[in-house]
Amino acid sequence: VERTLSIIKPDATKRNLTGKINTKFEEAGLRIVAQKRIHLTQDQAGEFYAVHKERPFFGELTEFMASGPVVVQVLEGENAIAKNREVMGATNPADAAAGTIRAEFAESVGENSVHGSDAPDTAKEEISFFFSGLELV
Ligand code: ATP
Ligand code: MG
């Protein structure tokens, strides 16, 4: 089985959608094997999203990710990385397929409710960014 790092973003925690989003993961066969609610500083958000440092939306993205609490979680399942991205839907909610998290809950391309790792190497890196070995069983 595979593991991936998921973040329920500030727009979603603010609207009390954590449970509804977690239900989408569980209904897709993903198991939440670690989870915690934290409030990132803008510097920490910038470190997490360092790959986007040169993108024009970097400032907006890191400010948003630090604007309220997030729920960071590890999802486990067969093909968890691809399955999670399928359940999330396209980055821009206007392009997201019906029934996906972003189609149902996201407000805009910036405030799009969830993050999910995009490959095995980034999943590994992102999981260890937020969770210690002791927190992962
Ligand atoms: P994530 O990495 O959050 O799972 P993603 O892989 O679908 O999303 P990326 O291209 O990695 O999308 O972009 C990372 C995040 O940056 C997006 O989720 C979104 O919040 C933000 N973002 C991407 N494009 C834009 C944009 N044009 N304007 C504002 N924010 C954007
Ligand atoms: Mg991405």
Side-chain angles (χ1 to χ4, degrees):
V1 294
E2 191 172 70
R3 287 182 170 188
T4 191
L5 189 278
S6 164
I7 305 178
I8 301 178
K9 295 184 179 182
D11 66 289
T13 62
K14 190 173 170 185
R15 288 175 290 143
N16 207 18
L17 294 170
T18 300
K20 283 188 173 143
I21 290 172
N22 280 346
T23 296
K24 293 273 192 195
F25 294 142
E26 292 181 343
E27 283 175 352
L30 293 164
R31 183 178 298 275
I32 301 158
V33 296
Q35 173 168 265
K36 59 190 172 188
R37 183 174 180 270
I38 60 176
H39 194 148
L40 294 168
T41 64
Q42 195 171 350
D43 277 357
Q44 290 167 333
E47 197 186 330
F48 178 77
Y49 274 123
V51 10
H52 296 309
K53 208 160 49 202
E54 306 305 327
R55 308 277 281 274
F57 55 81
F58 182 72
E60 188 188 323
L61 172 62
T62 55
E63 194 178 332
F64 165 61
M65 290 300 287
S67 69
V70 296
V71 174
V72 294
Q73 46 192 192
V74 179
L75 307 179
E76 183 182 88
E78 291 300 329
N79 299 312
I81 296 167
K83 191 174 283 181
N84 179 38
R85 291 184 71 83
E86 196 180 307
V87 176
M88 289 196 299
T91 308
N92 185 343
D95 303 328
T100 61
I101 292 168
R102 283 165 170 165
E104 285 194 19
F105 304 124
E107 317 209 270
S108 65
V109 64
E111 309 206 354
N112 62 2
S113 302
V114 280
H115 163 86
S117 307
D118 58 14
D121 57 332
T122 50
K124 204 169 181 185
E125 249 176 63
E126 292 179 359
I127 288 170
S128 57
F129 185 89
F130 290 112
F131 293 95
S132 74
L134 275 174
E135 293 174 306
L136 295 165
V137 293

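In each ligand, atom 1 is the first atom listed, and ligand 1 is the first ligand listed.
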Colleague: Give the minimum heavy-atom separation between Ala90 and Arg102, together with the two atoms involved.
Modeller: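 Shortest heavy-atom contact: O-CD, 3.1 Å.
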Colleague: Identify which of Asn84, Val109, Leu61, Thr62 has a heavy atom lying nearest to atom 19 (C) of ligand 1.
Modeller: Val109
Colleague: Is it true that Met65 lies under 4.0 Å from ligand 1, counting heavy atoms only?
Modeller: no
Colleague: Which residue holds the protein heavy atom closest to atom 6 (O) of ligand 1, what is that atom called, and what is the gap in Å?
Modeller: Arg85 NH2, 3.1 Å
Colleague: Look at atom 8 (O) of ligand 1 and say which protein heavy atom is nearest, naming residue and atom and giving the distance to 0.1 Å.
Modeller: Arg102 NH2, 3.3 Å
Colleague: Record the part of Tyr49 in heavy-atom contact with ligand 1 below 4.0 Å; permitted values are side chain, backbone, both and neither.
Modeller: side chain
Colleague: Please indicate whether any nitrogen or oxygen in Met88 is less than 3.5 Å from any nitrogen or oxygen in ligand 1.
Modeller: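 Min N/O separation from ligand 1 is not below 3.5 Å for Met88.
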Colleague: Taking the six-membered ring for Trp, are Phe130 and Phe48 parallel (under 30°), tilted (30 to 60°) or perpendicular (over 60°)?
Modeller: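 Rings of Phe130 and Phe48: tilted, as their planes differ by 30° to 60°.
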Colleague: Under a 4.0 angstrom heavy-atom cut-off, which atoms of ligand 1 come close to Glu60?
Modeller: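 Selected atoms, number and element: 29 (C).
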Colleague: Under a single-linkage definition using a 4.5 Å side-chain heavy-atom cutoff for Ile, Leu, Val, Met, Phe, Trp and Tyr, are Ile8 and Met65 assigned to the same hydrophobic cluster?
Modeller: no
Colleague: The test is side chain to side chain contact (heavy atoms under 4.5 Å, CB included); show your working for Glu63 and Glu60 and say whether it passes.
Modeller: CA-CA 5 Å; Glu63 194 178 332; Glu60 188 188 323; 5.9 Å; no
Colleague: Angle class for the Tyr49/His115 ring planes (parallel below 30°, perpendicular above 60°, tilted otherwise)?
Modeller: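 Perpendicular, since the angle between the ring planes exceeds 60°.
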Colleague: Under a 4.0 Å N-O cut-off, is there an ion pair linking Glu104 with Lys24?
Modeller: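 A salt bridge links Glu104 with Lys24.
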Colleague: Given side chains that start at C-beta, do those of Val72 and Lys36 come closer than 4.5 Å, heavy atoms only?
Modeller: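 Of all side-chain heavy-atom pairs linking Lys36 with Val72, at least one is under 4.5 Å.
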Colleague: Tell me: protein heavy atom nearest atom 7 (O) of ligand 1, and distance?
Modeller: Thr91 OG1, 2.4 Å
Colleague: Between the candidates Ala96, Gly110, Ser108, which shows the shortest non-hydrogen contact distance to atom 20 (O) of ligand 1?
Modeller: Gly110
Colleague: To the nearest 0.1 Å, how far is atom 26 (C) of ligand 1 from its closest protein heavy atom, and which atom is that?
Modeller: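 Nearest neighbour among protein heavy atoms for atom 26 (C) of ligand 1, to 0.1 Å: Phe57 CD2, 3.6 Å.
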Colleague: Under a 4.0 angstrom heavy-atom cut-off, which atoms of ligand 1 come close to Gly116?
Modeller: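 Near Gly116, meaning under 4.0 Å from one of its heavy atoms, ligand 1 has 4 (O).
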Colleague: Distance under 4.0 Å to a non-hydrogen atom of Asn112: what atoms of ligand 1 satisfy this?
Modeller: 17 (C), 18 (O), 19 (C), 20 (O)
Colleague: Return the residue, atom name and 0.1 Å-rounded distance of the protein heavy atom closest to atom 10 (O) of ligand 1.
Modeller: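 Heavy-atom neighbour on the protein nearest atom 10 (O) of ligand 1: Arg55 NH2, 3.9 Å.
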Colleague: Indicate yes or no: at least one non-hydrogen side-chain atom of Thr13 is less than 4.5 angstrom from one of Thr18.
Modeller: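 Yes. Closest side-chain heavy atoms under 4.5 Å.
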Colleague: I need the nearest protein heavy-atom contact for atom 11 (O) of ligand 1: residue, atom name and distance, please.
Modeller: His52 NE2, 3.1 Å
Colleague: Cationic tip of Lys9 within the cone over Phe105's six-membered ring, i.e. under 6.0 Å and within 45° of the normal?
Modeller: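 No, Lys9 does not sit over the ring of Phe105.
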Colleague: Could you tell me, atom by atom, which parts of ligand 1 come under 4.0 Å of a heavy atom of Lys9?
Modeller: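 Numbered from 1, ligand 1 contributes 3 (O), 17 (C), 18 (O), 20 (O).
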Colleague: Does atom CZ (Arg15) have a neighbourhood of more than 12 heavy atoms from anything else shown, all under 6.0 Å?
Modeller: yes
Colleague: Which protein heavy atom lies closest to atom 2 (O) of ligand 1, and at what distance to 0.1 Å?
Modeller: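 I find the closest protein heavy atom is His115 ND1, 3.0 Å.
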